Each structure stands twice: as C-alpha cells, then as structure tokens.
Amino acid sequence: MRTEEPRPVRLEDYRPPDWRIGTAELDVALHPTATTVRTRLSISPNSAGAPAPLVLDGDELTLRSIRLDGKPLPPESFVATPDRLTIAQAPQRPFELEIETVLDPTNNTKLMGLYRAGATYCTQCEAEGFRRITYFLDRPDVMAVYTTRIEAEKQDAGVLLANGNLVACGDIAGTSRHFAVWHDPFPKPSYLFALVGGNLGCVKDSFTTMSRRDVTLVIYVEPGKEDRCAYAMDSLKRAMRWDEVTFGREYDLDIFMIVAVSAFNMGAMENKGLNVFNDKYVLASPTTATDGDYAGIEAVIAHEYFHNWTGDRITCRDWFQLCLKEGLTVFRDQEFTADQRSRAVERISDVRELRVSQFVEDAGPLAHPVRPTLYHEINNFYTATVYQKGAEVVRMIKTLLGAEFFRAGMDLYFTRHDGQAATVEEFVQCFADVSGRDMSQFMRWYSQAGTPEITATPQYDSAARSFRLDVTQIVPPTPGQPNKAPMVVPLALGLIGHNGDDMPLQLDGRPLPRGVIELTQPSQSFVFSNVPERPALSLNRGFSAPVKLVLPVEADELRFLAAHDRDPFNRWQAVQTLAMTLLKSNVAIARSGGAPRLDQGLMDAIDAILNDAALEPAFIALTLAPPSEADIAREIGSDVDPDAVYSARRKLRAAIGQRHGATLADIYERMTTPGAYRPDAQSAGRRALKNACLDLLAVTESAAGIARAFDQYRNADNMTDRMAALETLAAHDRPERTAAFADFYTSYAEDALVIDKWFALQAVIPEPTTLDRVRALTRHPAFSAANPNRIRALIGVFAQANHTQFNRSDGAGYDFVANFVLELDPKNPQVAARLMSAFRSWRALEARRRERAEATLRRVAAMPALSPDVHDIVARTLADS
Ligand code: 0A1
Ligand code: ZN
C-alpha cells in the first residue's frame, strides 16, 4: 500500500524532466529475501533553468547507503522514504550518485519490480516497477544506457540475464557464486529494464538479418519444457522476417532472448533484448495446447518482438502516450497474423474481440479516450481502448492515406524519432508530412471517447440512375465528455448489382479512390452517379472504421449480402445482423414468457454459407457463431436480463443445430483430418469448423450429439479436439460431463497450464450450481491465489464470461467476486483491479441485478485501505458520469 493518497496525473501538467540520467550501472546480488542492488547513476541538470531539487521515485524501498561523487551524503542533505528520495540541493552540474537498496523478491507478491516466479528471479518494470528496485527518475522520457552486473549462488541461479549483450561472466573466486555483466548500448527508459536469474533450460536458434548479421535467439523455460518451445521459436523467426519485409525494420542487438515464467500479471513484456513472457504464451505441444493457444503464442511473440521498434527504439514521452506504442504494435501484430494466416478470418476475429471488449468498455463508466488526459493509476489503462481501438485508429490512417503513404509515414516516423520518447502528435505528423493531408480533425480519434454511431439512409433514383447516401454521425457522451465534435470516419463501401458484382463507384463524377467515403460532418450526403440498377449497399467493408452502423436494411438484402458480398467481413456481418435482430426480439419475447421466433431468412443465409464450397472452413465456423451474450447485451443497452439473453442465444443455436443437422453432421465427418496434428491455420480452420458442428449438434440435446462429443473427448489425439469436446459437454448437465471432467483432471494434474483450462470450463457452466463449484475450486490443491493465471482461469472467467452466474439475480455472484478481490487486493492490486472491472456494465442491467451490483460496489468502495488500483476502478465504475 502506498503511504500517500495518490493524486491524479494530468497530461496538461507534463513538464520535461529537470534532470537527465546518462548511464545507469546496476550491481545486483540475488538473494531470496535480501537482494542488494547497488546503482551508480550519472546525473546532470537538464536545463539552465532555476535550480531544482532532485526527486527520485521509489516504491516500498529500503535505502542502505547513498554516496555522491564517491562521498557518503550527510543525513541532513537528503530525505529517503519508501517512495521517494529527495536531495533538496543537488549540485547544478553533472555528478554521480550511488545508491544501495535491499529488496525481498520472495515476498514481492505484486509481481512488479524484482520478484520470484516459482524459484526464478525476474523483473517487471512497466509501467512504474523500476522504482521498486532502486530510486530513479522512473518516467519514460528519461533514457539511460544500462550496464547490469548480476551475481548469485550458482546452484540457485545458474542462468543470469539482463538487457543487451553479454560482456563478461564467470565464477567468483573462492565462493560458490558466479556473475554476469550485460551491457545495452541503446538508451532506454527504466520500464524496459529487465533481469532474470534462475535454473532454466533453453532452446537456441539463430536468425540472419537482412543486412546479413547473425543474431542468436534463445528461449529460456523451466527445465524439461524445452520440447514445447518450437512453435514460439518458429513464430519469432517469422515475425523477424516479416518486420524486415513489411516495414524495413531489422533487429539491432547480437542476441534476442525470451524467458517464460509461471507467474506474470499480463501476457508478456517487451524489455529490450530480454522479453519476459507468461509461459502460457510460449509453451505448446499438440497434446497440451489448443489451436487458439498456438495462435495466441504466434501473436504475442510477434507483438513483443515488434515492440523492439515501436516501443523500444521509439518509446513514449509519458504514459498518456501509451497507445503510441500499444495501438501501433497491436496493429502490426494483427497485420502479421493476417499475412501468416487468413486476412478475412483475422479481421473478423479482431472485430469480434473489439466489440466484446472495447465497445463494452466504451459504452460504460470506464470509457476513456485512446489517449486519456488524466489517470489515478496507470496500470488501469492497459485497456482494450488503448490497445484494440488504438490499433483501429492506426488502421484508419492507412485506409485514409492508402498503403504507399502509410508506409512512407511509418518510414519517416522511424527515421525522425529513432532514439526518442515521442508523442501521438509527432506520430500523426509524420503521415501529414508525407501525404500533405491535414490530420487535425483526425486527432479526435485520440481525444474523444465513445463509439461513434453512424446512421446511413440509402435512396436510389432510377430515372437519374443515381444512388444517394445520407449519413449522420453521433458520438455518444462518455464520462467527462458530454459533448462531442464530429469525427473523420473512413467508410469503405461497395454497390453490388443483382449478379453479385461490384459496380464501378463514381462520386461527383469522379472514381472513388480506394472505394472509401470520408465523413467529416455531423451529416452529409454522397451521390453516386451512373448506377444502372438499385444496388445492394455494402457499407463499412472490412470494418474500415470502429463504429456502430445503423442501416435500414431489409432481411432480403442482408441475405443477398451474406451470399454475394465480395467483402468477406461484410458477408459475415450480414449473418450477424440477421441473427442480432432476431435475438433482440427473442430476448424481449423470453422475458414475457413467450416462445422464440424462428427466422427462415437467417436459416437460408446460413444454408448458403454452409454449402459454399469456395469458403474457407475457419470463415464458415465464425459465421456459425451467433453474436455473443456480451454483444447482445450491449445492443439491448438497458434493462438487460442476462438469463433471457442466454436463453435466446442458446435456443437460436439449438434451432440452427436442428434445422441444419444433416449438413452439420456431414461437415463434421468431412472436416475430420487424418494424420498427425499440425498447428497451421488451414488445419486449425478445419478443426474449428468441425468443432462448431459438434457443438451445434449437441446443443439440440440429442443423445447422439452428446455421444459424439463424449466419443471425441475420449478419442482425441490433440488438445484442440479434446477441449472442444469438453467444452460442448460442459454445457450439458449429464453424467458424461462429470466423467470427462474427472478424467481430464487425472490426465493433466501435473500441468498447470492445462489445468487452467479445466478451471475455466467449469467456471463458465451456465448453471446455478456453478458458484458453489467455483467456490469449492478456490480450495482445490491445484488452485493458487498467488498465481495470476490460476486467478484469471477460475475467477476471471467466471466474472467476465459467465454472464448468467456472475449476474445471478440474488447478487451472490457479485459478492463472491468482490470478496475475492478484497482478499487479493493487498497482495496483487493489479490483478485485483482487473477482476473488479467485471462490474463495468452494471448500469445496463435490469433493476434487481442493478441494485445488487451497486450495493456490492458501494461495499467495496467503503473498505478502508483499498489499493489505488481497485479504488480507482470502483470509484469510476460508480461515478455518475
Ligand atoms: N507492454 C506489455 C504489456 C504489459 C504491461 C504492464 C505489465 O506489467 C505487469 C506487463 C506487461 C505489452 O503490451 O505486451
Ligand atoms: Zn504491447
């Protein structure tokens, strides 16, 4: 717990640092509970302005000694508290400061700073963890050259790693200790510092860069897990090549290292030359990892590697600029996956994810701009808005400018800002400079929160052969932003003739560049000429803008688009829109006790997709999944009853299973691939379709459907098929479920990452007994509240993905999660705060649940000694607006 009430940090208060740190030499003697860190900093005043005191950040630090230019500092000339070191009259000239602190990594449960993941020593410094290691100007615009010496008992930590290149290592004569010295020649902010010590196995490889330099690649893992690193290593090499080819970016050190650790607050971390990973995003074998796990590894490995340029070589001036590295790097990893796998499937998956996480965030009390202007706790801003919407904003720049200007703008950014701590303005200016385009209105995507709502009204004039589109945009109010200005919205579109072909687009007598219209006003009309027949309108193709579209489209036209649109995203979207319309009306019917409607048109659209031999299996699988519960709830917007949402959705899936039973059974057989498991996208797509069929056939409650799932569970030779079958069985309260869960546990008890799947599948069962089950599982020997992966698998999945049981009408789900959060908060506030954000949609619930959720939130808010992390989430969740 911090000793002071945190003050908000505001973008407008940004000032350059008063001091610079040129070099930082760390000497770290690892010890389980008393690690000593001796730091030598070369410090100089940053400007010739008025003399400023030197104030270094700390967090729970214990100072052992301090020297200035080699001499001990007299006690009256400095003040050291756990969270600050102040030298009121520091010399106004360059000087050297030596600081010794002592740390307890074993009892560092926050997993920030230096901590232990199992027996391994590792660090996590983003955003403000370095100050838990030593006193420092812990802000990203202070960039220093680091040299790190580590020493340890050889038997405790046989491997000693830090950023950069290895310059020396060896035994310490006359002792059982050894040491290693690492030097990173690239100036970097403290949040990119890392060191690791442990007894680790490794896998080595090498990569020849485009300028023919050889780079050593090493992945370190728990000994015995080396054979699960092949896919991560292969992904790394593909990512390195892709960045050279696509962005001209080459790796810059002699070695690139990845360390997989078992306890990590997030997915992974891009420390310069020494990425630290949650082992979930490194380890994979056919019998322990699903296709989804393989895809996650590929994406996260690429993401962290791409940070080397977008994050490390060019970093952020301050934490308000977080999207500068995160949005851009997510965009880059999404493009990588699109190129490695299927562009259409990647786009649909990314938009699905955006809608369930970012759109939900944007519609609730935690909504914030892609670049916020105020925060209480920066850890709470690693959000879907900063990451996913941040990526959409970069993608829109590409859509507006075209691929060539986009690449030129990126090239300019890399040359102009290399080695700097930059801002969003500087990034966007590069695109303005190369294209000559005024980007000032576009900047609103960074400053205005909320999902714009675009209403489009089409009108065809057969006499004039013209097609007119009247478009209005509204950006809804969000916390602190009641009034919004119009945005620049690039809408890719197509006008489709009755034969399914796109018509040439002529706007104001000129061909439309890239098929994109640009909204800039609250309302605008676009008139297309030479339109020979009434077209079907395909709007926001490829989801060119992250907006909500309101279009008065007839079901017939949606069916036509589902069958004929040459834009695969909008084919998928057409089926989603048909399903959403039906689901919303069936939710209302369910609440008044009626029987759900069926929609022949939707069934026909699905039929057309199922029988289109030209479509990739992964695409068909995505089309078979109706909008998620979170999507439906968001569309309904208020007075949401999660039970009615769940029931309407399940019944629609049962209707699909019933109506298309024969086709689904046939596809199930055809998609069964003989031979050994391969994780490539095509094979994964076939499995995804097969397993979508399996689930739809079982959701009808047919005995044959359940038997097929149980058979698949028992006979599967890979984790994807086994998990898919278990997931299907999990939704049916039958003896087969009990048997399969028991078997799964005994088969994989030794493998924590696999047991996480077992926790998660039980946490998501949509039945009233689940809360008791989850409660009991928190006492299971395989569960540990000290490990974030276990917490996310059991409590996180229950709170975020089990809509009916977290939102039980008696409020017991809320109380359970809140109590867990309160217990976790003193130990790991970051993970606790993330769990707490599950309450973010509480205002949209029906009255009874809303009252229960509010009571729970108020109870948490009233607790003394909440961490700043949880306090911030709860206060914003409860705020009026
Ligand atoms: N920069 C990392 C995300 C990250 C942020 C904070 C952390 O602290 C626990 C860890 C990781 C990324 O984008 O991958
Ligand atoms: Zn990142």
Side-chain angles (χ1 to χ4, degrees), residues 59 108-117 122-133 138 140 163 188-194 196 232 235-236 239 243 258-282 296-316 319 321-337 357 370 375 377-391 394 787-789 791-792 824 827-835 867-869:
D59 183 8
N108 179 359
T109 58
K110 293 183 178 171
L111 315 189
M112 289 295 285
L114 177 69
Y115 69 95
R116 293 181 89 192
C122 66
T123 55
Q124 172 54 40
C125 293
E126 187 176 7
E128 297 177 336
F130 191 69
R131 62 184 67 182
R132 294 169 61 76
I133 298 174
D138 193 13
N163 313 88
K188 64 168 175 286
S190 49
Y191 82 86
L192 291 173
F193 171 84
V196 168
S235 301
L236 173 62
D243 215 14
I258 288 174
V259 180
V261 298
S262 58
F264 199 71
N265 279 349
M266 310 273 269
M269 181 62 211
E270 69 265 23
N271 318 299
K272 182 77 187 186
L274 178 57
N275 288 189
V276 175
F277 270 64
N278 185 327
D279 57 3
K280 172 180 165 58
Y281 292 110
V282 174
I297 289 167
E298 181 180 76
V300 178
I301 292 267
H303 179 97
E304 305 310 329
Y305 174 73
F306 296 154
H307 267 313
N308 188 55
W309 273 94
T310 50
D312 297 5
R313 287 288 284 256
I314 306 179
T315 193
C316 302
W319 291 119
Q321 320 296 329
L322 184 57
C323 67
L324 176 68
K325 72 178 178 82
E326 295 306 346
L328 177 54
T329 304
V330 171
F331 169 77
R332 277 152 54 68
D333 83 56
Q334 290 177 344
E335 285 295 294
F336 168 72
T337 306
S357 55
V370 169
Y375 62 78
E377 176 49 69
I378 188 58
N379 289 333
N380 288 339
F381 282 86
Y382 289 79
T383 60
T385 298
V386 170
Y387 276 66
Q388 269 81 38
K389 188 175 179 180
V394 175
N787 187 295
N789 284 354
I791 298 174
R792 282 185 284 257
L824 180 63
K827 296 183 207 113
N828 190 334
Q830 229 179 76
V831 172
R834 227 157 240 273
L835 286 179
S867 68
D869 309 57

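Counting convention: from 1, in listed order, for ligands and their atoms alike. What you see is a predicted model, and the numbers here were worked out from it, not measured in a lab.
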With backbone taken as N, CA, C and O and side chain as the heavy atoms from C-beta onward, which portion of Q124 lies under 4.0 Å from ligand 1: side chain, backbone, both, or neither?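 For Q124, only side-chain atoms sit under 4.0 Å from ligand 1.
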Can you tell which part of A127 has a heavy atom less than 4.0 Å from ligand 1: side chain, backbone, both or neither?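 Looking at A127 and ligand 1, no heavy atom falls under 4.0 Å.
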Per-atom contacts, ligand 1 versus [X] - under 4.0 Å to a heavy atom:
X	result
M269	1 (N), 2 (C), 11 (C)
M112	8 (O), 9 (C)
E126	1 (N), 2 (C), 4 (C), 5 (C), 6 (C), 7 (C), 8 (O)
Y382	5 (C)
K325	1 (N)

So, is E270 polar-close to ligand 1, with some N/O to N/O distance under 3.5 Å?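 There is such a contact, yes.
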Under 3.5 Å between any N/O of N265 and any N/O of ligand 1: does that happen in this structure?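 Not met; the criterion fails.
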Rounded distance (nearest 0.5 Å) linking atom [atom1] of [X] with atom [atom2] of [Y]:
X	Y	atom1	atom2	answer
I301	F336	CD1	CZ	9.5 Å
L236	I258	CG	CD1	5.0 Å
H307	Y305	NE2	OH	13.5 Å

Side-chain H-bond candidate by donor/acceptor type, [X] with [Y], under 3.5 Å:
X	Y	result
N278	N789	yes
T315	Y191	yes
E304	Y281	no

Does K280 have more than 12 heavy atoms from other residues, nucleotides or ligands lying within 6.0 Å of its NZ?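 It does not: K280 NZ has 12 such atoms or fewer within range.
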R131 and D59: CA distance, side-chain angles, deciding distance, salt bridge (Lys or Arg N to Asp or Glu O under 4.0 Å) verdict: CA-CA 6 Å; R131 62 184 67 182; D59 183 8; over 6 Å; no
At the Zn ion (ligand 2), what angle lies between atom OE1 of E326 and atom NE2 of H307, rounded to 10 degrees?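 Between OE1 of E326 and NE2 of H307, the angle at the Zn ion (ligand 2) is about 100°.
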For atom 14 (O) of ligand 1, the protein heavy atom that lies nearest, with its residue and separation: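 Its nearest protein heavy-atom neighbour is E304 OE2, 2.5 Å.
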Atom 12 (C) of ligand 1: which protein heavy atom is closest, and how many Å away?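 Answer for atom 12 (C) of ligand 1: Y387 OH, 3.5 Å.
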Would you tell me which option among A268, G311, G129 has the nearest heavy-atom contact to atom 11 (C) of ligand 1?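 Considering heavy atoms of A268, G311, G129, the nearest to atom 11 (C) of ligand 1 sits in A268.
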Nearest-option assignment for atom 5 (C) of ligand 1, heavy atoms, candidates H307, Q830, M266, H303: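 It is M266 that holds the nearest heavy atom.
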Could you give me the CA-CA distance, side-chain angles and deciding distance for R834 and R792, then say whether side chain to side chain contact (heavy atoms under 4.5 Å, CB included) is met? CA-CA 9 Å; R834 227 157 240 273; R792 282 185 284 257; 5.7 Å; no
Measure up the Y382 and Y387 rings against each other and bin them: parallel (under 30°), tilted (30 to 60°), perpendicular (over 60°).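 Y382 and Y387: tilted rings.
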Checking one value in my table: which N/O/S atom of H303 lies closest to the Zn ion (ligand 2)?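 Nearest N/O/S atom: NE2.
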At a 4.0 Å cut-off, with the gap strictly under it, does some heavy atom of G267 reach an atom of ligand 1?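 No, that is not the case, since the closest heavy atom of the residue is not under 4.0 Å from the ligand.
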